[in-house]
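Following: one structure in structure tokens, then a few remarks.
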Amino acid sequence: MRLPAELRRRGGADTLFGLLGLLGETMPTVAALSGVGRREPRPVERGLPLVVTEVAAAAGDVAVLRLADPASAPLPPWTPGCHVDVRLPSGGLRQYSLCGDPADRSAYRIAVRLVRDGRGGSAEVHALVPGSVVTVSGPRTAFHFTGGGPHLFVAGGIGITPILPMVAEAARRGEEWRLLYLGRSRDSLPFLDELARHGDRVTVRTDDEHGLPGPDLLAAYDGDGNGPQPGFAGGLAAAAVYCCGPAPLLALVREAARDARAFHAERFAPAPVVDGRPFTVKLAGTGRTVEVAADKTMLDALSDAVPSVAYSCRQGFCGTCRVTVLAGGIEHRDRFPERLRRDDEMMPCVSRAEGDHLIIDL
Amino acid sequence: MLKETPPPDNLVLGARDVRFDWSELPRHWVPDEPLATHLMNVLHLLLPAGERWFVEVFKQALPLIHDDDLRRDVLGFIGQEAMHAGAHQGVLDHFAAHGMDCGPFVDQVDWLFSRVMGDRPHLEGRRQTEWLVSRLAVIAAIEHVTAFMGDWILNADGLDAARTDPTMLDLLRWHGAEEVEHRSVAFNLYQHVDGRYLRRIQAMAMVAPMMFVLWRRGVRFMYAVDTELAGHRPPRVRDVRGTAARGVTPSLPHLTRKVLKYFARGYHPSQEGDTDQAVAYLASSPSARAAAERAA
């Protein structure tokens, strides 16, 4: 292992880096010795088969389900903001926020609004009956409630689900909080009955009564606490805002909460493919050919063919999934700094072929 | 405050598309604290190469993982580390454009990670796998250090009091908060593929002294290229007592105590650091909030 010239100084070799070089020569042998007796990793099964114990209807075409262990074992613990992955009988995977009480380890509660023209996941959930079994994994959180008030919770429609346990936790801790709950009309809003006990900390704002929400949506909370809706001491600037709802509401609240102390929103899944055309990718290493459908990312297609393919952000900025293109034009859709990306590299999580065909170095 | 719920170890990890503008960065971005500034500048020297190396090694480890949750965590970790490397590289580029060429030192660090710690294509079979596993043990050890340093920076009120440059402080705290967020991943990965105590602490026994030596050299290097410090004597290790007393760097005894925790048999990263605090910082950080808006 030769030392590069810049590691030499005063005419002689650098002592430290000379030693490091020696270390480098011996380390793989030390590693081999350290590995003697190592057992291969054992597969870890994360899916939990849970049985539906109760199905109830709530306002707004919402089904409320309780899921429990078939042998009544306590379920893995969770905190407000957690969701679970539910594997449906058809094989589809959906994420639902837990909206029950974290102290109740005997069951998870989820609430699912029926989306009539959706991908069918919600219809499948609505078809579940007591006794149905689904595989659940998690809970995990992309919307962690950190505590430390004052809090302003903003929920749009079924976006109330992760907020419900947050509200309960804030109340239990005795922290200052308010909830603004928005929707088309009162009869489209689930869980109003459960929220009633919190009195005027909860404000319901519906489009049919107040019109569509505008940029002044949070103005009432930015007062000195003497307005029609009592705000916080310190106004919005003192509050941590937690928002869950449809994208336009989220954008509106994000803007209105610009001066808030903190802004929490559930982290987004990657956006769907827009204006994609189908193409084929040939993997130079194996000669395999992968078809990329118009509505699929090239990364999804590659992952199906090569399960160990690495990726991370799936939004084209982290550079993890970059591959070298050997032939074919690239339609770059990434946000990765261009000066750090070679001309023949692409980010398959968002970018696509310019034509019908690519050959990549994989 | 007494925690009534256990700290969650189940965050969904994801990279944040942060951007930083260094055009207003003063040379000594902790005002009147050149030693604290350069102690933390060493992060910019070490991390781009180091974190790119993490990414490469973790990518190679993916086929070893037989746990869907862990694989998801590792994929999230990789993206966060890639963004860290890029953000610190941005500071280095700014330094180079403003008369502080860190190239010679960075070349040494690159050599360390690519040659000493890098791939050995000629190794075959089991020896290749064990070289990978040993490097995973090294990353787990380094990640213990980055986690407690992340915890330190999130709590370093002294840096606020010293009127530290807000953009740099945000970079360090965004990075520190993500280190706290993902502090269990490298450890859990090592536990999954091997998990034996001796190999784990062997890695720390190498990592901790190495970091000390590199840090010392890095600070002396920064003093050598910082023309505003021409004529200053190079700093000595004991000078850190002063910066630590003013709360603008951690103290050596603090760092030593934290390193030693890794040698406990029952160690787990979730025992250190505060997930609530990290998540709360990321919800208030100007760069992380702008990144969330970009993703929306």
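The figures here come from the full heavy-atom set of this structure, side chains too, leaving out hydrogens, waters and symmetry mates. Order of the sequence lines sets the chain letters (A, B, ...), proteins ahead of strands, with each chain counted from 1. On a predicted model such as this, the values are computed, not experimentally measured, just so you know.
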Could you have a look at A/Leu23, A/Leu22, A/Leu340, A/Thr29 and say which one has the most heavy-atom pairs with chain B under 4.5 angstrom?
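Highest number of pairs under 4.5 Å: A/Thr29.
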Most heavy-atom pairs under 4.5 angstrom with chain B, which of A/Glu255, A/Met27, A/Arg46, A/Arg258?
A/Arg46
Under 4.5 Å heavy-atom distance to chain B, tell me which part of [X] shows up: side chain, backbone, both or neither.
X        : value
A/Arg39  : backbone
A/Ala240 : neither
A/Phe143 : neither
A/Arg261 : backbone
A/Arg314 : neither
A/Cys321 : neither
A/Val309 : backbone

Part of [X] lying under 4.5 Å from any heavy atom of chain A:
X        : answer
B/Arg135 : neither
B/Val74  : neither
B/Arg52  : neither
B/Glu293 : both
B/Asp110 : neither
B/Val133 : side chain

Is the A/Trp78-A/His83 ring centre distance short of 6.0 angstrom?
no
So, [X] and [Y]: side-chain donor and acceptor under 3.5 Å apart, yes or no?
X        : Y        : result
B/Arg196 : A/Ser34  : no
B/His88  : B/His175 : yes
A/Arg87  : A/Ser137 : no
B/His84  : B/Glu178 : yes
B/Asp170 : B/Tyr281 : yes
B/Arg199 : B/Ser134 : yes
A/Asp300 : A/Ser303 : no

Could you label the plane-to-plane angle of the A/Tyr242 and A/His264 rings as parallel, tilted or perpendicular, counting under 30° as parallel and over 60° as perpendicular?
parallel
Whether B/Phe77 and B/Phe54 hold their rings parallel, tilted or perpendicular, with breakpoints at 30° and 60°:
parallel
Tell me, out of [options], who's got the most heavy-atom pairs with chain A below 4.5 Å.
options                               : value
B/Lys59, B/Met206, B/Arg72            : B/Arg72
B/Asp67, B/Ile65, B/Ile78, B/Leu214   : B/Asp67
B/Arg294, B/Gln277, B/Arg71, B/Gln128 : B/Arg294

Within a 6.0 Å radius of atom CZ on B/Arg216, are there more than 12 heavy atoms belonging to other residues, nucleotides or ligands?
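Incorrect, the count does not exceed 12.
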